[in-house]
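Notes follow the structure.
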Amino acid sequence: MQFDYSNKVKAMRPSIIRELLKQMADPGLISFAGGNPSADAFPAKEIREISDALLAGPPADVLQYSITEGYPPLIAQAKKYLNRQWQTVHEGDEVIITSGSSQVMDFMAKLLCNEGDVVATEDPAFLGALNAFRSQGATLVGVEMEPDGVSLAALEAVLSANPKPRFYYTIPNFQNPTGYTTSLAKRKAVYALCQKHGVPILEDNPYGELRFTGEDIPPIKAFDTDNLVVYAASMSKIFAPGMRVAFCAGSADLMGKMTVAKQGNDVHTNLWGQRVIDRFFEQYDIDAHIARLRGVYREKARRMMDAMDRELAGRATYVPVEGGMFLWLTLPAGCNVPGFVAKCLERRVALVPGSAFLVDEAAPCQSVRVNFSTPTGEQIDEGVAIMRQVLDSM
Ligand SMILES: Cc1ncc(COP(=O)(O)O)c(C=O)c1O
C-alpha cells in the first residue's frame, strides 16, 4: 500500500538526535550527543518507596482513567511549586499537567497556527520544539541567539513583520543547544516587545532549576501582567524524563483549549507518574533533591570546561555556562564541522553539529553542541582529548 500522506506529515522530519541515539548502543562510545539526565540523578529509591505504597492501596487510585487537566492534588502542588520563588501563576492563569513539555510545544502550534502561519523562535533552539511546530504546519522564523539572549533588534524586526508570528518560542535558562542564559534586562525587553506587538510567548524552562553557579533570574512569566506567556516547566530534567510529566501555566482560556486538545490526544498524562511526583512533593524535600542534582552537574560541567581549557585553548571557543547540560563549542572559521563530527564519531566520540538546531539547517554553523550530563569524568577527559587530536589532524 502506498500511503498518501497529508501536507503536515510531509513537513515532518525525524530528529537527527533520536536517530543518532539509536547508533549509540555501542558501550565503547563516548557520547556528548545526548541530552539525558545523568544516570545517578534519578530519585530511584524514593520512587520505589512511593510506588510500593501507592500500589498497596486501591488499584483504581493509580491505574484508572483520570482527569484530562491532571491529578488535582498535583495541580495544587504545581501551583505552589511554580510560585515558590517568583509568582509565575497569575490571576487569570490556570495550570494543567501535560505529557512532558514536548506536548505543550505541539499543542501551542496546534491551537494557534493554521497551515503556513509563522512561529518565531530563538535560532538555534531545541530541535524537538522546532519539529513539533513544523509538524503542525508552522513556518519557522529564527531570531539570532547571542550569549545573553536573542538579538533584540532581530526580534523587533520579526515581531513587526507581516504576517505577525502567532507566538514566540524561548528557552531563557541554559538554552538547548547553546547553554546561553537570557539576561534579566533582555527578559524584560523580550516581554515588552511581545506585549507591544500582541504576540504570545512560549517560555520553555526545563533547565532553570539546574543552576550550579551564579544568581537565579526570574522567568519572563514573572512579569506577565497580560496572561501573554505560556510557561512550560518539565519534570524531566529534575525528576525523571520517563515519567513524562510537565506543568503548563498560562491563560485559563488557552489552558481550557489545550485540555480539549489533550482529550483527543492522550486523554490524560499517565496517572501513576503524576501520583508518584505528587507524593514526592508531599513527602520528600524537592529542594534538597535539586541541590544534589546541582552538585552532580556542577562537577561534570567543571570537568568539561577544564578539559576544554586544557585541550582546546587556542583551537576552539565556548561561552562558560552556569547551569543546564550543554556547551556550545565553536570551531575555527574554515574548519569543516560535519567533517569534524564524522571524524570524532570514527574515533567513537559522538557530538551533534550545531546546524541541526537551526531553523535553516543548510545555513552555515561553526559550532557543535556538547552535552556534559551523561558522560563520566574519565569519558569527558578522554573525549575532549580525542576532539583535540581530530582538530589537529584537520
Ligand atoms: C529545551 C527543551 N524543552 C523541552 C524538552 C522536552 O522535555 P520533556 O521531556 O518535558 O518533553 C527538552 C528535552 O530535551 C528541552 O531540551
Side-chain angles (χ1 to χ4, degrees), residues 15-21 31-38 41-42 70 74 78 81-82 95-110 119 121-135 140 142 145 149-150 167-182 201-211 219-221 229-249 258 262 265-266 269-270 273-274 277 293 297 321 323-328 352 354 356-359 369-374:
S15 157
I16 165 178
I17 297 161
R18 296 267 136 221
E19 293 301 310
L20 260 173
L21 288 176
S31 177
F32 299 153
N36 292 349
S38 174
F42 305 125
L74 182 61
Y81 167 75
L82 293 173
V95 173
I96 63 168
I97 313 292
T98 57
S99 297
S101 51
S102 302
Q103 191 171 48
V104 179
M105 320 297 156
D106 192 54
F107 284 169
M108 276 295 277
K110 185 172 193 164
V119 169
T121 170
E122 289 174 349
D123 191 19
F126 169 49
L127 182 61
L130 302 186
N131 281 344
F133 305 151
R134 286 176 178 128
S135 75
L140 302 183
M145 269 306 267
V150 278
F167 64 91
Y168 169 60
Y169 175 63
T170 175
I171 312 158
N173 290 307
F174 324 121
Q175 200 234 26
N176 179 4
T178 58
Y180 296 166
T181 289
T182 302
I201 297 172
L202 172 53
E203 180 174 20
D204 184 15
N205 189 20
Y207 301 107
E209 299 281 17
L210 301 181
R211 172 177 281 282
I220 299 173
K221 183 72 180 150
V229 182
V230 173
Y231 182 74
S234 176
M235 290 292 104
S236 290
K237 308 297 155 119
I238 59 166
F239 198 80
M243 292 277 166
R244 309 309 302 132
V245 172
F247 306 150
C248 180
M258 228 179 240
K262 196 167 163 62
N265 184 279
D266 62 355
T269 298
N270 94 75
Q274 294 190 71
I277 291 179
L293 294 187
Y297 293 124
V321 292
M325 298 184 171
F326 306 106
L327 275 168
W328 192 238
V352 186
F357 307 95
L358 294 176
V359 165
R369 188 187 75 170
V370 184
N371 166 267
F372 53 79
S373 60
T374 39

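Treat the numbers as computed from the prediction; the structure is a model and nothing was measured. Whatever order the structure lists ligands and atoms in, that order sets their numbers, starting from 1.
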Looking only at protein heavy atoms, which one is nearest to atom 15 (C) of ligand 1, and how far off is it?
Y207 OH, 3.5 Å
Of the protein's non-hydrogen atoms, which lies at the shortest distance from atom 13 (C) of ligand 1, and what is that distance?
K237 NZ, 3.2 Å
Can you pull out the closest protein heavy atom to atom 9 (O) of ligand 1? Residue, atom name and distance to 0.1 Å, please.
S236 OG, 2.6 Å
Could you tell me if the side chain of P37 sits less than 4.5 Å from the side chain of M325, heavy atoms only?
yes
Give me the one residue out of L130, T178, V352 that meets side-chain contact (heavy atoms from CB on, under 4.5 Å) with F357.
V352
Report yes or no: does a heavy atom of G128 sit under 4.0 Å from some atom of ligand 1?
no
Taking 4.0 angstrom as the limit and counting only heavy atoms of R244, give me the atoms of ligand 1 inside it, by number and element.
8 (P), 9 (O), 11 (O)
Closest approach of any protein heavy atom to atom 12 (C) of ligand 1, naming residue and atom:
F126 CZ, 3.4 Å
Is there side-chain contact between L293 and K237, with at least one heavy-atom pair below 4.5 Å?
no
Are side-chain heavy atoms of F42 and P241 found at a separation under 4.5 Å?
yes
Between S99 and ligand 1, does any nitrogen or oxygen pair lie at a separation below 3.5 Å?
no
Which heavy atom of the protein is the closest neighbour of atom 7 (O) of ligand 1, given with residue, atom name and distance?
S101 OG, 3.2 Å
Taking the side chain as every heavy atom from C-beta outward, state whether Q103 and D266 have any pair of such atoms under 4.5 Å apart.
yes
Atom 6 (C) of ligand 1 has as its nearest protein heavy atom S102 OG, 3.5 Å
Taking C-beta and beyond as the side chain, do N131 and M105 meet within less than 4.5 Å on heavy atoms?
no
To check your reading of the model: name the closest protein heavy atom to atom 3 (N) of ligand 1, its residue, and the distance in Å.
D204 OD2, 2.5 Å
Contact check, side chains of F126 and Q175, non-hydrogen atoms, under 4.5 Å:
no
